[in-house]
Number of protein chains: 2
Amino acid sequence: MVTTSHHAPDIFGAISHPARRRMLDLLIDTDRSVNMIAGQFEMSRPAVSQHLRILLDAGLVTEQRHGRERRYRLVAARLAPVRDWLTHYERFWDHHLMQLQQHLAKDNRK
Amino acid sequence: MVTTSHHAPDIFGAISHPARRRMLDLLIDTDRSVNMIAGQFEMSRPAVSQHLRILLDAGLVTEQRHGRERRYRLVAARLAPVRDWLTHYERFWDHHLMQLQQHLAKDNRK
DNA sequence: TTGACTCGTAAGCATTGCCTTACGTATATT
DNA sequence: AATATACGTAAGGCAATGCTTACGAGTCAA
């Protein structure tokens, strides 16, 4: 079973805490159980659970139950609002993405 | 005189509040005084000042005094930590872009 | 110099955030 | 059936956040 949340998806709030960003980072490679994640942090396991709940509410992770474990999986697409917001600022510093944009625009013209 | 802050630069925390993101957005075009910014928000002017202070502490804006005004200027380069963090997730974007490209390619074939 | 304007800061207050420990529930193991 | 494991949730403490109103300092204009 896969559970997603129906709460207010405050993406920016969710990634504002360093621990939660690290948790997302951990999930880049692979799904992980709560204990696997909690092992990387100083805080108590319930605290980790609460952080994961916030990530779940933001839709940044999904939860799937395997026996008595719950494995969390990254939903990177949910970071799109952050990326999209940043694109407003691209022209100030970015040559990379400008080049990419031009590249894609050129591709579309083909 | 240009003032920058010497406090802990919590970029992610600074952009976690919608009002502060909107303030940054307003500064994309041009520098603005506090009143110009406050005019765009429901909250009191001191509240706006406090938000600007947080942006200043994060280094996301600078402040320069012109007569009795203080004009705030965007420092977009300070968003680099956000952009850099997002790059860890780039390969997921690429995957999406590839899907998009495939989707578009399919449309073109129709 | 008097008064208006721009703005930051202080103080107070309600709400939220983040942590802890204690406990409950579901699943697996013996 | 009894116990261990994995995990969420409740409750509570305490700091941080986010707002308000009141006030004060600096600047401009009459």
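Quick note: numbers below take in every heavy atom, side chains included, and nothing from hydrogens, waters or symmetry partners. Residue numbers begin at 1 in each chain, while the letters A, B, ... track the order of the sequences.
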Distance check needed: D:dA10 C1' versus A:Q50 CD, whole Å only. 10 Å
With B:A77 via side-chain contact (heavy atoms from CB on, under 4.5 Å) - residues at least two apart: none
For A:R78, enumerate each residue passing the salt bridge (Lys or Arg N to Asp or Glu O under 4.0 Å) test, keeping only those at least two apart in sequence or located in another chain. none
Those residues at least two apart in sequence (or on a different chain) that pass salt bridge (Lys or Arg N to Asp or Glu O under 4.0 Å) with B:R73 are B:D31
Enumerate the residues from residues 35-46 of chain A whose closest heavy atom to DNA chain C is under 4.0 Å, giving them by residue number; use none for an empty result. A:M43, A:S44, A:P46
Going by the rule side-chain contact (heavy atoms from CB on, under 4.5 Å), which residues pair with B:L52 if we only count those two or more places apart in sequence or in a different chain? B:M23, B:V34, B:I37, B:V48, B:L55, B:Y72
What residue pairs, at least two apart or across chains, pass ring-ring contact (aromatic ring centres under 6.0 Å, His included) with a residue in residues 16-69 of chain B? B:H17-B:H51
Check this one for me: any side-chain N or O of A:R65 less than 4.0 Å away from OP1 or OP2 of C:dT27? no
Between CD of A:Q64 and C1' of D:dA6 the distance, given in whole Å, is 16 Å
Look at the side-chain N and O atoms of B:S33 and state whether any lies under 4.0 Å from the OP1 or OP2 oxygen of C:dC7. yes
Measure from CG on B:D10 to P on D:dA16 and round the result to the nearest Å. 13 Å
Using 0.5 Å steps for rounding, measure from the CD1 atom of A:I15 to the CG atom of A:L79. 6.5 Å
By side-chain contact (heavy atoms from CB on, under 4.5 Å), B:D25 pairs with (sequence neighbours left out) A:W85, A:H88, A:Y89, B:I28
Any residue in residues 11-25 of chain A with a heavy atom nearer than 4.0 angstrom to DNA chain C? Just list them by number, or reply none. A:H17, A:R20
Of B:V34 and A:H51, the one whose closest nucleotide on DNA chain C sits nearer the 5' end is B:V34
Please report the distance, rounded to the nearest Å, between CD in B:E63 and C1' in D:dG26. 13 Å
Set of residues satisfying salt bridge (Lys or Arg N to Asp or Glu O under 4.0 Å) with respect to A:R32, sequence neighbours excluded: A:D29
Per the side-chain hydrogen bond (donor to acceptor under 3.5 Å, both in side chains) rule, what does the pair list look like for residues 33-44 of chain A, sequence neighbours excluded? none
Donor-acceptor contact present, side-chain A:R71 to main-chain A:Q64, <3.5 Å: no
Rounded off to whole Å, could you give me the CZ-to-P distance for the A:R53 and C:dG17 pair? 13 Å
Of all the heavy-atom pairs spanning A:L74 and A:L24, show the shortest one and how long it is. CD1-CD2, 3.9 Å
In residues 66-74 of chain B, which ones come under 4.0 Å of DNA chain C, going by heavy atoms? B:R68, B:E69, B:R70, B:Y72
